[in-house]
Protein chains: 2
Amino acid sequence: MNTPPASVNPVQQLENQLCFPLYAASRMLTKAYQPYLQELDLTYPQYLVLLLLWEHDELTVKALGEQLLLDSGTLTPLLKRMEQKYWLSRRRDPADERMVLIRLLPAGRALQAQACHIPAQLLEKLTLTPTEFEALRRQLQHILTQLA
Amino acid sequence: MNTPPASVNPVQQLENQLCFPLYAASRMLTKAYQPYLQELDLTYPQYLVLLLLWEHDELTVKALGEQLLLDSGTLTPLLKRMEQKYWLSRRRDPADERMVLIRLLPAGRALQAQACHIPAQLLEKLTLTPTEFEALRRQLQHILTQLA
DNA sequence: AATTATTTAATTGCGTACAATTAAAACTTG
DNA sequence: CAAGTTTTAATTGTACGCAATTAAATAATT
């Protein structure tokens with residue numbers, strides 16, 4: 001009665017889209033990280049930055065942006081907040097003053113040990129078999145390749 | 001040399017996580033909607049609200065929030081912006097003044113026809129077979145069920 | 001070498017997200 | 001029915017996310 005039949009277009013229904021489950025699942029997964037990250041005074045994107053720095057110790061803003069698919073408009077203020085907490089340092093590359101080098105500091109390194117159990121704890125909440133996990137990761141990677 | 005071997009924990013590598021591909025794919029997909037939504041002066045979450053209103057014509061803020069997994073802190077200002085564009089109206093339910101009824105207005109209904117080709121165009125960009133599409137949607141739904 | 005083009009971050013402005021609090025209305029219960 | 005509880009939105013404050021612009025440094029080209 002509210003909705004004339006002609007207007008119910010199946011492809012326009014929320015549940016038939018891919019976009020909404022992706023959008024919602026992403027937010028819910030981020031929220032699921034919250035209790036663990038909160039203990040470390042970290043936000044989720046800050047955690048992603050640390051994942052990269054734990055691997056590489058020093059990266060340019062550009063390199064971080066390429067890996068995380070984020071631009072300086074997002075990264076610059078985020079990195080400044082992380083700098084204020086002494087997790088990392090920001091300085092211009094002397095060899096090329098355009099670039100800013102982000103270097104992991106001891107306090108940032110110290111977070112690694114505290115965070116090392118987070119992935120397993122999250123994985124547990126998802127109740128995915130290793131096969132499902134891999135399939136999902138592969139599909140998401142495919143989407144990323146198509147869109148990025 | 002920058003990274004001592006002991007510190008390279010495979011589960012802490014970005015590419016081995018599920019979280020990052022999900023987070024990035026969601027953002028990239030939203031960005032892929034942008035050119036289409038921009039023509040309609042819509043943002044992505046506003047489009048999601050309209051998807052629901054096109055189906056139901058009138059919904060409470062609470063119902064919208066339950067479907068979209070968003071709270072009033074996000075929805076209230078978003079809906080006010082949509083109200084300013086005469087796409088919807090906001091009014092208290094006379095029968096229960098706690099609730100706010102969101103009703104689709106003609107201008108909001110008019111957007112439906114203009115938006116009806118968006119899902120197919122996006123789907124094309126993803127180059128997923130129907131089987132893959134369904135599998136992915138099911139997996140994301142599983143995650144949502146586990147986390148929401 | 002001087003001019004132009006490109007690269008890199010920072011800045012600005014807007015719109016989400018979301019935790020936490022507030023406030024009003026409706027419900028429950030003694 | 002009065003007091004306390006619950007429900008619903010709104011508000012407040014912080015942190016992204018991103019388009020668009022700006023500014024500085026470097027590279028490329030004449």
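Quantities reported herein were computed from a predicted structural model and do not represent experimental measurements. Below, read A as the first sequence line, B as the second, and so on, with proteins coming before strands; counting in each chain starts at 1.
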*SB check A/R92 A/E97 (cutoff 4.0 Å)*: no
_Nearest heavy-atom neighbours spanning B/W87 and B/L42_ = CZ3-CD2, 3.6 Å
*Provide, to the nearest angstrom, the distance between the CZ atom belonging to B/R81 and the P atom belonging to C/dC14.*
11 Å
_Tell me the interatomic distance from B/L147, atom CG, to C/dC18, atom P, rounded to whole angstroms._
12 Å
*Expressed in angstrom and rounded to an integer, what is the separation of A/Y44 atom OH from C/dA19 atom P?*
16 Å
*asked:* Over all strands shown, is A/T74 touching base, sugar-phosphate only, or nothing at heavy-atom distances under 4.0 angstrom?
replied: base
*What is the distance, rounded to the nearest whole Å, between atom CZ of B/R27 and atom P of C/dA17?*
12 Å
Pairs: protein N or O with nucleotides 5-8 of chain D N or O, under 3.5 Å:
{"residue": "D/dT8", "atom": "OP2", "partner": "B/K62", "partner atom": "NZ", "Å": "2.9"}

_Spacing of B/K80 atom NZ relative to D/dA10 atom P, expressed in whole Å_ = 6 Å
*Have a look at B/Q46 and say if it touches a base, only the backbone sugar-phosphate, or nothing, with a 4.0 Å heavy-atom cut-off.*
sugar-phosphate
_Length of the line joining B/L79:CG and C/dA17:C1', which is rounded to integer Å_ = 14 Å
*Tell me: CD of A/Q84 to P of D/dT14, nearest whole Å?*
13 Å
Polar pairs (N or O, both sides) under 3.5 Å between protein and nucleotides 20-22 of chain D?
none

*A/L40, A/T30, A/I118 screened by side-chain contact (heavy atoms from CB on, under 4.5 Å) with A/Y47, the one that passes*: A/I118
*Would you mind reading off the bend of the helix from C/dA1-D/dT30 to C/dG30-D/dC1 from its two end axes, five pairs each, to 10 degrees?*
20°
*Take B/K62 and B/E66 through the salt bridge (Lys or Arg N to Asp or Glu O under 4.0 Å) test and state the conclusion after the steps.*
CA-CA 6 Å; B/K62 179 180 166 58; B/E66 282 172 354; 2.9 Å; yes
*asked:* Reading DNA chain D from 5' onward, which residue's closest nucleotide shows up sooner: A/P77 or A/D93?
replied: A/P77
*asked:* Does A/D57 form a salt bridge (Lys or Arg N to Asp or Glu O under 4.0 Å) with A/R109? I'd like the steps, not just the answer.
replied: CA-CA 9 Å; A/D57 233 63; A/R109 175 63 73 188; 2.7 Å; yes
*Could you walk me through whether B/L18 and A/L128 pass the side chain to side chain contact (heavy atoms under 4.5 Å, CB included) check?*
CA-CA 11 Å; B/L18 200 55; A/L128 287 173; 3.8 Å; yes
_I need the CG-P distance between A/L59 and C/dA9, as an integer number of Å._
11 Å
*asked:* Quick check: on DNA chain C, is the nucleotide nearest A/M28 upstream (toward 5') of the one nearest A/L75, or the reverse? Name the residue that is more 5'.
replied: A/L75
_B/H142 side chain to B/R138 backbone, donor-acceptor under 3.5 Å_ = no
*Identify, between A/Y23 and A/T76, the residue whose nearest nucleotide on DNA chain C lies closer to the 5' end.*
A/T76
*Which atoms form the tightest heavy-atom contact between B/V49 and B/L75, and what is the distance?*
CG2-CD2, 4.4 Å
